[in-house]
Amino acid sequence: MVQTPPVQSGIEATAVKAAAGFHTEAQSDKIDDLEFLFTRAIEFRQETIYFIIVDRFNDAQSSNNEGPNAALFDPTRQKWGKYWGGDLQGIIDKLDYLKHMGVTAIWISPLFEQVEDLMFEFAAMHGYWTKDFKRINPRFVGVDESTSLATCNVFNRLVKEMHARGMKLILDIVCNHSSPDVNGQKGKLYDDGVLIADFYNDTNNWYHHNGEVTDWEDRWQLENCEMAGLADFDESNIDFRNYIKSAIKKWLDLGVDALRVDTVKHMPLWFWQEFNSDLQTHKPSIFIFGEWGFSKPWDRGSVNFANKSGMSILDFGLCEAIRAALAKNSEGGFHLLQNIFDLDHLYDTASELITFIDNHDMPRFQSLNSDPDTLRMAVILIMTARGIPCIYYGTEQYLHNDTNGGNDPYNRPMMERWDTNTQIYKDLQLFSKLRRLNPAISLGSHVQKYIKPDIYSYLRRYRDSRCLVVMNKGQATTIDISNTELEDGEYTCIVTSRHFEIHNGKLRGLSLQQKESVVLSYVGDRVKGQTIVRAQLNGITTQYGEIVVVVGDCPELGNWDISKAYRLEYINANTWFGEIPFTESAGKAIAYKYAILSNNMSPRYENLVNRRWILVDRGTVKWRDNWAN
Ligand code: NOJ
């Protein structure tokens with residue numbers, strides 16, 4: 001992720017103004033204009049994301065179904081490539097259903113205006129064949145409504161209703177391409193209704209013209225050739241870059257809180273670095289994650305992207321491992337998952353990866369394995385393991401269609417039931433609350449405690465908060481967990497309400513039914529302070545027994561007295577993290593650096609002139625630092 005600017009959250013700019021040395025009125029006004037510099041406080045790790053394909057979720061307004069071209073709509077819902085009627089009002093009508101289930105953020109499939117023709121039997125119901133990034137798909141809004149963003153009532157209402165419920169809106173965006181050849185037209189692109197580019201008449205060089213990718217290992221091809229015939233933007237064209245950034249900024253201005261970015265693998269890193277930092281300057285609170293198709297921790301490209309682009313990524317590696325271990329019963333079982341977690345240290349922020357068990361590009365989990373209890377284990381797993389969980393729409397209703405193995409497009413059925421009593425619905429309710437309550441789950445380390453192909457136990461740990469999870473996908477059995485790191489005492493499993501005794505840190509004689517999950521949670525004290533800095537330090541290697549501290553020129557950081565420095569938490573072999581409370585120094589300029597303490601040696605300080613920062617007066621901010629050798 002990018003290094004954040006050394007000033008932050010502007011809930012209260014006044015104290016910062018003084019600290020920054022802006023004294024005259026005129027200068028003072030200036031710093032108000034610089035409000036954008038103050039906030040980089042977005043914390044998405046407590047969210048529970050729900051991914052909706054708009055067309056397939058809920059049809060509230062039948063009048064908009066035919067849109068500009070009735071041939072693209074199938075009222076019988078038999079033709080899987082055509083529109084079936086879902087719209088934004090349909091989402092608004094189901095917000096209470098989602099909120100009640102524990103959903104705190106909704107990823108909405110792309111809303112941009114799409115090409116209005118069929119390619120074979122397929123319309124752009126998915127939203128990935130854009131015609132105009134500044135207009136909204138007419139089928140998603142009221143029939144008489146403007147499709148121009150600024151005046152689109154229903155979108156504004158959606159944002160308002162979501163925010164009123166404390167929910168965040170994640171917009172799916174595409175920067176890599178516009179549309180494929182549909183009826184002899186390709187890449188015809190509009191700027192709020194005005195034609196600005198055309199693949200077949202590309203006088204202003206908006207597109208690459210290098211044919212289809214043939215070698216998926218060739219980075220140049222990935223970035224410069226086409227994928228499935230989609231007109232591929234030439235990012236070296238500044239007009240294109242200005243257009244796409246200005247379009248997305250318009251959506252951000254309307255209240256979009258986060259972005260899911262399509263096909264990030266197909267554009268160069270420098271493009272994303274520029275794009276993300278521009279957007280983050282425009283809206284500092286934005287959280288962004290990208291789709292690096294089939295990323296793996298051992299694929300250097302995807303890890304490098306996650307660490308350097310300024311956005312997080314979808315965790316395809318874990319998704320595949322969960323599907324293999326649980327849905328397909330592959331050899332190795334839970335070891336397949338642990339193999340992924342063992343490489344978490346390669347990422348600067350593994351706890352910000354977006355975790356999922358299926359999506360719109362692969363068969364639904366239940367098309368691989370229809371057993372509801374296996375699905376339940378997979379859901380509990382992503383709700384409690386490291387990362388930010390994302391649930392594909394309908395999972396809670398066991399929605400799946402297994403035609404052709406459940407592959408695209410059969411992984412996109414219409415949502416039909418809204419039962420608030422399904423087991424998965426209730427589990428999501430419970431675990432979403434737990435994620436918010438117990439910081440060990442959202443922020444903490446993920447440590448294996450017991451593993452066999454059929455049994456997996458892991459501990460989430462942060463300060464004195466703990467969450468111990470045990471799962472059994474095999475036959476009923478009894479195990480001992482010798483070092484739970486839980487305080488001795490009695491615990492009640494939040495899934496089964498069974499009681500367990502921890503004695504000398506051990507959990508002995510733990511009987512597990514087939515497909516049973518046990519979750520024991522202990523919530524310790526939360527960090528309180530007027531201003532909280534979430535400090536993350538990467539690129540540091542410590543030996544067992546060593547601890548990392550932050551020391552600085554203010555009382556909260558020990559006034560350079562290393563014995564009073566603030567201690568961080570070990571997350572993994574690359575990451576230390578901590579929430580540092582500031583009250584006395586809130587709103588002031590401070591200096592700090594990191595140091596390593598070990599028992600027998602003198603402290604090892606970072607090798608750099610002190611880091612300097614202006615603390616916001618109140619609120620939460622993040623430091624993302626790299627150890628300076
Ligand atoms: C990835 C999306 O998830 C997929 O559904 C889409 O077809 C391609 N990117 C192209 O945009």
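All values derive from a computational prediction rather than experimental measurement. Below, all heavy atoms of this structure are taken into account, side chains as well, without hydrogens, waters or symmetry copies. Counting convention: from 1, in listed order, for ligands and their atoms alike.
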**Student:** Quick one: NZ on Lys265 to OG1 on Thr263, what's the gap to the nearest 0.5 Å?
**Tutor:**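 The NZ atom of Lys265 sits 10.5 Å away from the OG1 atom of Thr263.
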
**Student:** To the nearest 0.5 Å, how far apart are NZ in Lys168 and CD1 in Ile286?
**Tutor:**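 If I round to the nearest 0.5 Å, the distance is 11.0 Å.
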
**Student:** Less than 4.0 Å between a side-chain N and a carboxylate O, is that true for Arg139 and Glu66?
**Tutor:**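 A salt bridge is absent here (no side-chain N lies under 4.0 Å from a carboxylate O).
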
**Student:** Return a table of N or O atom pairs, ligand 1 on one side and protein on the other, at distances under 3.5 Å, rounded to 0.1 Å.
**Tutor:**
| unit_1 | atom_1 | unit_2 | atom_2 | d |
| --- | --- | --- | --- | --- |
| ligand 1 | 3 (O) | Arg260 | NH2 | 3.1 |
| ligand 1 | 3 (O) | His360 | NE2 | 2.8 |
| ligand 1 | 3 (O) | Asp361 | OD2 | 2.5 |
| ligand 1 | 5 (O) | His360 | NE2 | 3.2 |
| ligand 1 | 5 (O) | Asp361 | OD1 | 2.7 |
| ligand 1 | 5 (O) | Asp361 | OD2 | 3.4 |
| ligand 1 | 9 (N) | Asp262 | OD1 | 2.9 |
| ligand 1 | 9 (N) | Asp262 | OD2 | 3.1 |
| ligand 1 | 11 (O) | His177 | NE2 | 3.0 |
| ligand 1 | 11 (O) | Asp262 | OD2 | 2.7 |

**Student:** Do Arg56 and Tyr410 form a cation-pi contact, if we require the NZ or CZ to be under 6.0 Å from the six-membered ring centre and within 45 degrees of the ring's axis?
**Tutor:**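 Judged by the rule, Arg56 and Tyr410 form no cation-pi pair.
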
**Student:** When the ring centroid of Trp216 is compared with that of His266, is the distance short of 6.0 Å?
**Tutor:**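 So the answer is yes for these two rings.
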
**Student:** Say you draw a straight line from NZ of Lys308 to CG of Leu269; how long is it, rounded to the nearest 0.5 Å?
**Tutor:**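 Answer for the NZ-CG pair, Lys308 versus Leu269, is 7.5 Å.
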
